[in-house]
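What follows is a set of notes on a single structure, which appears directly below.
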Amino acid sequence: MDNTKEYLLEFKGYNFEKSLVKIHIVESVDDFEIRDDDVFIVTYPKSGTIWTQQILSLIYFEGHRNRTEDIKTIDRAPFFEYNIHNLDFIKMPSPRLFASHLPYYLVPKGLKNKKAKILYIYRNPKDVLVSFFHFSNWVARLKPSDTFENFMEMFLDGQVMGSRWFDHIRGWYEHRHDFNIQFMSYEDMKKDLRSAVLKICRFLEKELSEEVVDTVVKQASFQNMKTNPQANYHDIIKYEIGMRSDKGHFLRKGTTGDWKHHFTMEQNERFDQIFQREMKDVPLKFIWDINEE
Ligand code: A3P
């Protein structure tokens, strides 16, 4: 029996994770007052959200960099529509950082005055799919899949939190001129994190000393985040959201090209065909394997 509806809430053609979404936020999203110095990290799930939340928290908060303040990344740059700690966004001091998986047509309309900034992080969708497959089997509130093939069907059909990957990225890309938005790829961050941090700083108009940039890069490394309870969300999944097994990790592998260990040749060909068809007018650069250049 298809029990997808147990896990997803559809609103205006977009699928939210049902038990975590704050539907009152989503329903009144149009009028949510945006401040000029707000920053939104926008991603499709499993594309490097937590990583960018950590990078921005490190850039903006000295107490995060030197770890003198015990505030989790998720409270520095909370999810907008999944406000799991019920933070009062209206009372949050500026500059506010948010993370969101919303599609372009569901974000507050104040973002269209192009003052507040949006950082759109994308990742090659084969690695997104793999990461999402493992994540869905680990986190209790997502629908598990017994086979990779089954998950792939759901992903391609958009029957997952975040709906269709293709629609999300295309939508944001095609409407990029309506927003003050910077696109960056997970793989570029992976290849050269320092350059990526500097690019983010330029976009955010933040001038940091060399030394501070070094600290940001160090603390945003996979190894550092994996062992840093402020940054790795492990306890949030374990104690607040629920996990199916003790074996999973939010910071699972953090690599590029893991899809090669999951896709069969047929699945890969099928995916490539869909990708060509859906993305032919989207000239964003995709890196499928970090050694490919
Ligand atoms: P994997 O499952 O492939 O390991 P999101 O935060 O959007 O849910 O994305 C999670 C993915 O980003 C996971 O991918 C996770 O390991 C990866 N990730 C998180 N922090 C990272 C880092 N510092 N460096 C590289 N990858 C990172």
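Counting convention: from 1, in listed order, for ligands and their atoms alike.
Atom 12 (O) of ligand 1 has Tyr186 CE1, 3.9 Å as its closest protein atom, hydrogens excluded (heavy atom only). Here the heavy atom of the protein found nearest to atom 1 (P) of ligand 1 is Ser131 OG, 3.4 Å. When hydrogens are left out, the protein atom nearest atom 7 (O) of ligand 1 is Thr49 OG1, 2.5 Å; that is the closest non-hydrogen contact. In terms of protein heavy-atom proximity, atom 6 (O) of ligand 1 is closest to Ile50 N, 2.8 Å. Among all non-hydrogen protein atoms, the one lying nearest atom 8 (O) of ligand 1 is Lys46 NZ, 2.8 Å.
The residues Lys115 and Asp38 are annotated as not salt-bridged, no charged nitrogen and carboxylate oxygen being separated by less than 4.0 angstrom.
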Any chance you could lay out the ring pair (Phe, Tyr, Trp, His ring centres under 6.0 Å) test for Tyr120 and Phe179, step after step, and finish with the verdict?
-> CA-CA 11 Å; Tyr120 187 98; Phe179 302 100; over 10 Å; no

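Listed by first and then second residue, the ring-ring contact (aromatic ring centres under 6.0 Å, His included) pairs that reach into residues 199-233 are Tyr233-Phe250, sequence neighbours excluded.
Residue Arg123 holds the heavy atom nearest to atom 3 (O) of ligand 1 of all those in His134, Arg123, Glu187.
For ligand 1 and Ala220, the ligand atoms under 4.0 Å from any heavy atom of the residue are 23 (N).
Around the NZ atom of Lys5, the shell of radius 6.0 Å holds no more than 12 heavy atoms that belong to other residues, nucleotides or ligands.
Ligand 1 lies out of reach of Met189, whose nearest heavy atom is not under 4.0 Å from it. Judged by the shortest distance from any of its heavy atoms, Leu251 lies inside the 4.0 Å radius around the atoms of ligand 1. Under a 4.0 angstrom heavy-atom cut-off, Phe250 registers as being in contact with ligand 1.
A cation-pi arrangement is not found for Lys12 relative to Tyr105, the charged atom failing to lie both closer than 6.0 Å to the ring centre and inside a 45° cone about the ring normal. A cation-pi arrangement is absent between Arg76 and Tyr60, since the terminal nitrogen or guanidinium carbon is not both under 6.0 Å from the aromatic centre and inside a 45° cone about the axis.
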